[in-house]
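These notes concern the structure reproduced below.
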Amino acid sequence: MQQASYGTPKRKQRRRFSLKKTLRLFLPPILFITLCVVMCTPTRHSESDGTAIVSTTKAASDETSPDTEIENDVKPIDQEIPTNVQDLETDTVSRHLTHLDEMPEPTERIKVNYFGNMRQYFNDSNYIHWQEAELIGIEPLTDTRSHWKLKEPIVKVTSCEDFFIDSLIYSRPYLVPIAAARLHEIGRRFRDTIASRGGGDYRIKVTSLLRTPRTVKRLRRRNRNAVDSSVHQLATTFDISYATFIADNNDNPRCVDDLKGILGEVLKAMREEGKLWVKYERGQPCFHITARKKQPIEASKEN
């Protein structure tokens with residue numbers, strides 16, 4: 001009988017290494033991981049003194065879109081001031097930003113000429129504020145084009161010896177010139193009155209200035225006093241706190257109630273002179289003030 005013969009098994013052919021297939025397999029995940037690392041790694045740009053500077057994107061947006069500067073940038077004003085000591089405006093403003101963190105204690109009384117309930121006396125309606133603001137103010141800033149077609153010019157308002165600008169979130173530090181002049185006059189008369197009655201280094205604190213329809217809408221979610229027809233949109237109106245004041249040193253410490261009374265005296269006098277309309281706010285403790293063109297004495301007496 002013939003024996004069956006079995007052949008030797010064939011070896012499987014080994015696959016050749018293919019660089020092209022390997023790149024197709026591993027290149028996409030490598031690129032994805034690299035992209036994630038690059039995006040998550042912060043880039044730091046610093047000046048010679050080591051302080052961080054504003055990014056190129058932010059600078060470009062400020063130059064091309066004033067609407068972005070006024071509406072979207074909500075950084076406190078003390079963070080917006082550049083650190084270049086050669087800038088004359090910065091050198092002028094920065095020295096007025098320093099103040100005591102808290103009002104000094106114990107306090108000493110100062111003479112105040114009280115004239116009654118401020119809430120009842122300072123009760124000018126929003127309609128009166130708006131009627132006056134339409135005469136001397138700007139049109140509400142609705143889009144980028146409206147920033148370049150202002151009915152009246154606006155000026156930037158910064159902290160100075162007359163007043164202190166608080167950290168602004170829902171407004172920007174701009175007013176029409178006549179409103180800025182009224183604000184400076186309030187601050188000067190407030191400080192002069194304190195000095196004439198015994199002294200004390202205090203300034204008023206401005207808590208709100210120019211707003212846009214967009215910032216008004218955002219503010220209404222938090223502040224019930226805010227309305228769609230906010231006069232702040234016309235750059236004629238500002239708010240001054242009566243609950244907090246800025247103390248620049250410990251000399252002659254005064255209490256908040258007395259300082260509020262003196263501020264009320266100043267506003268009452270200027271209102272009677274035909275320079276202001278004033279609303280006493282309760283939800284947000286402040287005087288809501290709209291500038292007026294100075295009226296003749298006879299007309300102011302009739303009002």
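When reading the values below, keep in mind they use all heavy atoms of this one structure, side chains included, and skip hydrogens, waters and symmetry mates.
- Cluster annotation: L135 is connected to I154 through the hydrophobic network of ILVMFWY side chains, with a link wherever side-chain heavy atoms come within less than 4.5 Å.
- Both L25 and I30 are assigned to one and the same hydrophobic cluster, defined by single-linkage of ILVMFWY side chains at heavy-atom distances under 4.5 Å.
- Residues forming a side chain to side chain donor-acceptor pair (under 3.5 Å) with T237 (at least two apart in sequence, or on another chain): T290.
- Both L263 and Y114 are members of a single hydrophobic cluster when ILVMFWY side chains are connected at heavy-atom separations under 4.5 Å.
- In this structure, the salt bridge (Lys or Arg N to Asp or Glu O under 4.0 Å) partners of R203, at least two apart in sequence or on a different chain, are D248.
- The side chain to side chain donor-acceptor pair (under 3.5 Å) search around E134 returns W130, not counting sequence neighbours.
- The side chain to side chain donor-acceptor pair (under 3.5 Å) search around D239 returns H232, H288, not counting sequence neighbours.
- Atom-to-atom distance recorded for I169:CD1 and T207:OG1 is 11.5 Å, nearest 0.5 angstrom.
- Aromatic ring centres of F164 and H99: separated by under 6.0 Å.
- Side-chain atoms of F238 and L175, non-hydrogen and from C-beta on, do get closer than 4.5 Å to each other.
- A pairwise comparison of heavy atoms in R189 and A269 identifies NH2-CB, 3.6 Å as the closest pair.
- No donor-acceptor pair under 3.5 Å is formed between the side chain of Y242 and the backbone N or O of D257.
- For F190, the ring-ring contact (aromatic ring centres under 6.0 Å, His included) criterion is met by F245, not counting sequence neighbours.
- We find the CG-OG distance between L97 and S159 to be 5.0 Å, quoted to the nearest 0.5 Å.
- Side-chain contact check for R95 and T98: no donor-acceptor pair (N or O, by modelled atom type) lies under 3.5 Å.
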Given the rule in the salt bridge (Lys or Arg N to Asp or Glu O under 4.0 Å) test, do K275 and E132 qualify, once you have shown the distances and angles that lead to the verdict? CA-CA 11 Å; K275 296 180 178 179; E132 184 73 31; over 6 Å; no
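- No continuous path of ILVMFWY side-chain contacts below 4.5 Å connects V155 to L210, so the two sit in separate hydrophobic clusters.
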Could you please spell out the steps behind the side-chain contact (heavy atoms from CB on, under 4.5 Å) verdict for L209 and R172? CA-CA 6 Å; L209 295 136; R172 301 296 298 148; over 6 Å; no
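- What you find for A179 and A235 is that their closest heavy atoms are CB-O, 3.9 Å.
- Remark: R197 engages E265 in a salt bridge (Lys or Arg N to Asp or Glu O under 4.0 Å) (not counting sequence neighbours).
- Closest approach of S230 and R211 over heavy atoms only: OG-NH1, 3.6 Å.
- Judged as a side chain to side chain contact (heavy atoms under 4.5 Å, CB included), and not counting sequence neighbours, the contacts of S125 are Y127, I128.
- Qualifying side chain to side chain donor-acceptor pair (under 3.5 Å) partners for S241, counting only residues two or more places apart in sequence or in other chains: T244.
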Check step by step if side-chain contact (heavy atoms from CB on, under 4.5 Å) holds for K156 and T158. CA-CA 7 Å; K156 188 171 184 178; T158 56; 4.2 Å; yes
Dump the intermediate steps for side-chain contact (heavy atoms from CB on, under 4.5 Å) on I194 and D201, then the final yes or no. CA-CA 8 Å; I194 295 176; D201 201 357; over 6 Å; no
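- Side-chain contact between D166 and V206 is absent, with no heavy atoms from C-beta onward closer than 4.5 Å.
- With a 4.5 Å cut-off on side-chain heavy atoms, Y121 and K268 count as touching.
- To the nearest 0.5 Å, the span separating CD1 on I262 from OG1 on T193 amounts to 6.5 Å.
- A cation-pi arrangement, defined by a distance under 6.0 Å to the six-membered ring centre and an angle within 45 degrees of its axis, is present between R292 and W277.
- Residues I204 and I186 are in side-chain contact: their nearest non-hydrogen atoms beyond the backbone lie under 4.5 Å apart.
- The main-chain N or O of V157 is never found under 3.5 Å from a side-chain atom of Y174 such that the two would form a donor-acceptor pair.
- Looking only at side-chain heavy atoms (C-beta outward), I178 and K293 come within less than 4.5 Å of each other.
- Each of R188, H184, R191 was compared with F163 under the side chain to side chain contact (heavy atoms under 4.5 Å, CB included) criterion, and only H184 meets it.
- Remark: D101 pairs with no residue by the side chain to side chain contact (heavy atoms under 4.5 Å, CB included) rule, at least two apart or across chains.
- Annotation: cation-pi pair R214/Y170 absent, no NZ/CZ under 6.0 Å from the ring centroid and within 45° of its normal.
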Between N123 and Y280, does a side-chain contact (heavy atoms from CB on, under 4.5 Å) hold up when you go through it step by step? CA-CA 6 Å; N123 194 29; Y280 183 93; over 6 Å; no
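- Taken to the nearest 0.5 Å, the CD atom of E161 stands 5.5 Å off from the NE2 atom of H96.
- With rounding to the nearest 0.5 angstrom, the CZ atom of F122 is 10.5 Å from the CG atom of N117.
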Counting only pairs under 3.5 Å, give me each side-chain donor-acceptor contact of residues 102-112, with atom names and distances, residues two or more places apart or in other chains.
unit_1 : atom_1 : unit_2 : atom_2 : d
R109   : NE     : D258   : OD1    : 3.4
R109   : NE     : D258   : OD2    : 2.7
R109   : NH2    : D258   : OD1    : 2.8

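- No salt bridge links D124 with K279; every basic N to acidic carboxylate O contact stays at or beyond 4.0 Å.
- Here K260 pairs with nothing under the salt bridge (Lys or Arg N to Asp or Glu O under 4.0 Å) rule; sequence neighbours left out.
- Its side chain outside the 4.5 Å cluster rule for every partner, L100 clusters with none of the Ile, Leu, Val, Met, Phe, Trp and Tyr residues.
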